[in-house]
Each structure stands twice: as C-alpha cells, then as structure tokens.
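Structure, as structure tokens:
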Amino acid sequence: MNPNAARVLVIDDEIQIRRFLDIALRAEGYRVLQAGTAEEGLALAATGTPDLVILDLGLPDREGHEVLAELRQWSAVPVLMLSVRNAEAEKVRALDNGANDYVTKPFGVQEVMARLRALLRDRAIAASGEPDLRYDDGHLVIDQARREVSLDGASLTLTRKEYAVLVMLLRHLDRVVSQHQLLREIWGASHVQDTHYLRIVVGRLRQKLGDDPAAPRWLKTEPGVGYRFLTKEPLRER
Amino acid sequence: MTAKPRAMPNAPSARGHPERPRNGETKAGDRRHESSRATDSRHRFTRLVPADRWAAYGYASAVIVLGFALAFVADRYLSVANLGLIFLTVVLIVAVRTRMSVAVYTAVVCFLGYNYFFTEPRHTLAISNAGDVLAVVLFLVVALVSGHLATRLTRQVASLRAAQRRARDLLALGQYLAVSTEVQAICNAGVTALAQAMDAEVAVLAPTDAGAWDVRAAVPAEFLPEAAEIAAANGADQADGEGFRTAASPASLESWVMPLGGASWRAGVIVIRPPRQSLEDADRSSLAREMVQDIGLALERRHLAEALEEARIQGETDRLRNALLASVSHDLRSPLASMIGAASTLANYESRLPVTECRELLESILHEGQRLDRYIQNLLDMARLGHGTLTLRRDWVDANEIVLAAVARLRRYYPALAVQTRLLSETLLLYVHPALIEQALFNILENAAHVSPPRRPVVIALCPIESTLRIEITDEGPGIPEEERSRIFDMFFSVSRGDRATRGTGLGLSICRGMIGAHGGSVEPLSREGGGTVMRVILPVSAPPESST
C-alpha cells in the first residue's frame, strides 16, 4: 500500500479538511504537501514534484479551474478534484480540462484513498512498462490480447462499439471517464453531443454483463458526468 | 357641465349600428343645449344643424333690413350704382357668418330690393337706364362670387380652428399622460383631458374578476354607468378591431363606448357622454377616438413596463433564493465535510495513528460540530426574526459583562486572534435580552476576526453617549467599499458573491441588525482611517429601577 512513498499535494483552503487528509494520507504511507491557496499550491506543484494533486474547486484566491489549466500547461501529474455535489457541469468541465477524477464533498476518507490508488496505478503500470491486458475478478474476464470477454466462464458476444466502451472504461479502472471522452474516442469528434449512442451501448453492455444499473457491480454511472469501471464491490457511499 | 339636463325626454332608442349617426331627426327642443352652453358660439353658424337654418336666415334678413335702411339714407347722397356697394357689404357680412345658400338668398333679396326700390323707375322691377342695368346685374354677379368666396374662407377658418383645438386637446392629453406613470394616474389624466376636450361626462370602466365593471376614474366623480352602457361595454370589450359602440340611456342621449387598449391587451372601456351637439360632429367623435387610443397606448405601455418589472423582480428573487440556498448549503456542508472526513479517518486508521493525531481529529470534529451548530442557530434566528416570533426576554445586565461573554466565545474559536477590549470604568446596566445582544456582538466580532490580517488586533470599545451606549468594533481588514456599506446587512449580500466570498457571514450581519434593531438600537459600518472597518452599534440605555440598598 505504499507505492514508492508517493507525494501527494493537497490544495484546499479549509484547514480542517487538509488536517484529516494529511493524517489519513500519512497513515497510508504517502508523503503529504499542503497548500491553502492557489498560488501556494501552484508553487508547491512546481517545486515539490508531487505524484498526485488533490485540488479543491473552491479556492479563495483563484478558481480551481484556473489552477488546473495552469498546472496542465507544464505538468501531467494526476489531479483529483474536490467538488460539491450537484455541480455536474463543474465536474465535466474539470475532467475536460485535464482533471483525472473527482470526489464529491462531503466524502469519507476511504473514497479518496480508492480514487487515489486508481490514479496512482497508472503510474505504477507506466513504471513497470507492462500494461495489464487481462482483467479477471473471478466472474468477469476481459482478455484484450485475444479480444475475448467471458462472464462466469461463458463467452460473451459484444459488438465493436460495446467492446470499445468496455475496454476504454477498463483502461481507466476505478476512474471516471466522461461521456465526452468516450464519445470522442469511440464515435469521433463530430459525435460528442450524441450521448444517446452511449446510453444505448452501455445499456446493452449491462444487459450482457447482467449488471444492475441501480446497484452496478462493474459499470457505474456518474450522473451527468460519465462512467466508471469498478474493480471491487462499490464503496458504500452516503 | 352639470347644468346639462340628466334626463332627455325624447331620447331615441339605442342605435345598434356602430356608425356614428349623421344629422337627422333632431327635435327642436334639443336647442336648449345650445342656449345652456356659451362656449361654442363660434361654431354656431358653421354647423349643419337644421335648427340653425332658420336662425341663419333670420340673421340674414336682419342684416338685409339694416342694409336697406342704410341704403335709403344713403340714397340722398350717392348715385344708384354706388348703392350696390352697401348691398355688397350686406351679402359679404352674411356670407362670412353663414353658409352659401343663405348668402345666395341674401344676394337675391338685395338684388330684387335694389332693383325695386332704387333703380329708375322706382317701385318696379323694370330698369330704364342701361347703366343701372349693368350696375344691378354686376352687383348680383359680384355678390354671388364674393359670397361664395367668403363662405369658403369662413369654412376654412372654422376648420383651421377645429384642427387647432384638436391639436391643443391632444397636446393637453399628451402632457397629462407624460407625467402619469401609474395606471390610476393615467386613467385620471385621460378622463380629465377627455372631459375637457369633449365637454362631456367621461368614465374609465375596468373589468372586475367577477365579470362586472368598476368605475376606475370618472368626471364627474359620481359617474354611474347605465345598464345600456354596460351592455355596450361588454360588446366593445369583446369586439375585435375598433369596437366602437353607442348606447342610449337615461343619463345620456347617446353614450360612446370604446375599448381601451389594443387587441392583445385590454384595460377596460371608456364611456363618454358627449353633449348633444358633439353627437353631430364627426370631428369631435374622431378626436374622442384618437384620445382614447392615446390613453389606451399609455396604459399598454405602463402594463408592459409593469410586466417587465415583475419579471425582473421575479428573476431577482429567484437569483437571491438560489444565492441563499447556495450559501446555506455551503455553510452547512463545509463543517460537515470536515467532520465526515475526520471521523472516517479515525474510523479507518485509529489503530495506526499516534494519540496526538487522534486527539487532533477528535478536536476537529468537535470544533466543526460547533461551527455547524452556530450556522444552524443563525439560520433559526433568521427564520424567527423573519417571522417576528423572536420574543425579547429582557433583563438587567452589565454592559461590560455581555461584551466579555461575546469576546470569550470568540477567543474559543479564534485562539490566535488578538482581541483588545476597552470596557467602561463604571457599571452601566442595559435592559436587554442578553443572549441576543451577545449573539449580535459575536456575529460582528466573528466577521471582524474573519477579515483581520494575521496578528492585527480586533478592538471592541464601549462608550456611553447621553442616553445610549456606543459599542465600536474595529478591524484592520480590507474594509467595506462605500457603495456596499448599506448592503452588507442584506441577508443575501455576501452570499450572492458566491463560493469564493467570505464564508459563514452571509446571515450573521443581517441577524445582528435584526437583533439590535429589536432592542431599539442601530448598527452601521464606518470606514476606519488607514483601512479596515468600524462597526458602530448604538444601544439605548434606560434608567435602572431604584435599588433598595
């Protein structure tokens, strides 16, 4: 649980939030950098070489979106946004601007840790140079090398689009992929508004996987934002 | 106006056709209108009213007789040919004052009389002198031509006068309407202008919810619509297009009923009871229509402006409500986020954490819980203040004590803050609800603490002034811009600046003002020299009861 003692930068103006994140992150073995303002945060991101940034969208001196945009000009560090609920447009905007995932306030610390692990997993994969082409959780097996999907031993027949959506979600294990990203990647840039394509394909995928949209095992909808492929039983949120 | 007879004995039955009636079956008795009204003498002979016909001929005859009398006198001094000038003058006088037919009548009578009485041989229609024949015939020709020209001129003058009057009336109405911004004022102005211009009884009828008609404005004020007028009002209101109706009623020979406003929007109807003569006058009636149209336009403009204003206010209210909701949810969620985060950290990592960190998390939960409690208290207070259900439980308290209590509370939440107190040297008793005043002072102090730069003090100073106590809370924060000073007590103000504004203070100051105000005091922000804000609270001090010591 300690991927090379990754450095995490927390940028949030609420001292109480920073405090418990600091305690929990250190308990998980991460090294923690803290910033209370956007300026401080950007400076630390540049000098502290964090492996991951937790960024609050509501900062006193500048908007989180601006900070993200500036950060993205010179850094590809994974960014986990903290945002309030019912701000789907904000989340989508942040994801489109290069944020890697988000957590909705108020959040339990486990949720942050799960997102964090998912984001840092990429870093580990990149370090090992060997992307995991095979997913197997005991029920669902996805073998990208052989382009095969099977559920409890029974092979599934997926259309090209269904397979493409599934694989794209799989490549972002436990991380949100926005509708926009999925549509642009799989259908092309001219179809980014055609969210109904996506709904139909995901609906059929769920049918084939026997996944209940109300309590999904694998394909979780993030309302108004996108989808997430869950590797474990979903966290009991709220 | 009021001298006008209310009941017309020979009122004809209602004319159903919307066309204005032309001159027709008028009774001679109607001339009493004429005699009761002195205003319109200049129109007297230019009007094609049958009753005038005989008056015109009588007038002409009188002038003719006068002319002949003059001619008989002048006959001794002038030649026969020159007498024609006198008759020409007579014809011109009559022509100017009457119509062509009367002028022709005058010319012919003068011609015959001239011939009969003055040309040789006298007392016959024969003329012996060829020169006289020429004079008489020329007289007739000149009399007819000049009579024609004179009547035409008169008519032009009359129509110019009418146009001028019409322009004046419309201008007067325009001026009235221009200064009227309220619906009622527009109605009053319109009715007044119409009544003046038409010399009529005028009323604006507005439809009620029950489908009846209310008199919105009227001249005279005691105007009561008649049944026939109400029936016409219903017809006019529902009519497409012009909707002009007439109605006969006991109160008026013929009332004009016109819808007020355009096809898309109706304010009601206007009822005009014109005097007898106006009924015959196409100009008057079209002027009335024009004026009613103007009034309708003014009302419609007002209506649109009101609708716009309403939409704006609605939008504003929605915006404020959203801002309040956003603020409340932000204020409540921030401490909750910290509490949930800290508690979940404890739940997950307690065994791995050093004792000091566990303590820190627990304190954080406690602290944030208290913060949440304060916000909720503020919200409840606000609701109670808003509903007027906050009752004052007054008691005698020492001013110093109440200030110290608020300061002590502040120190708990802002342990690093330097608070300076300048208390009173003598005991000053206030008769107040202690908890509310303490809360009010605390809200101001908390606000000051929030905006204070690190290591700069917040000062609270007390000073008795006459029968009041002045409490000034000074911070060295950024200060409040002049234009925002009156608005900081607005419940929605600081919250409407969104997520990035100072938090948790949106309701605090408005609650503070409500609480101090409930005690008969006041709160106002002043600017501090060298930056920062002074919040000045004034509380009334009443004489304490006689002590028994």
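Numbers restart at 1 for each chain; the letters A, B, ... are given by sequence-line order, proteins then strands.
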**Rounded distance [0.5 Å steps], CD1 in A:Ile17 versus CD in B:Glu368** = 8.0 Å

**Message:** Looking at A:Arg175 and A:Asp101, would you say the former's side chain and the latter's main chain have a donor-acceptor pair under 3.5 Å?
**Reply:** no

**Prompt:** What residue among A:Arg206, A:Arg199, A:Arg228 forms side chain to side chain donor-acceptor pair (under 3.5 Å) with A:Thr221?
**Reply:** A:Arg206

**Prompt:** Is the A:His139 ring parallel, tilted or perpendicular to the A:Trp218 ring (thresholds 30°, 60°)?
**Reply:** perpendicular

**Request:** Answer with side chain, backbone, both or neither: which region of B:Leu353 has an atom nearer than 4.5 Å to a non-hydrogen atom of chain A?
**Result:** side chain

**Request:** Let me know if B:Glu357 has heavy atoms under 4.5 Å from chain A in its side chain, its backbone, both or neither.
**Result:** both

**Fill in**
Heaviest contributor of heavy-atom pairs below 4.5 Å to chain A, chosen from B:Asn348, B:Leu336, B:Leu346, B:Ile365, is B:Asn348

**Item:** Proximity breakdown for A:Arg18 and chain B, heavy-atom pairs closer than 4.5 Å
**Value:** neither

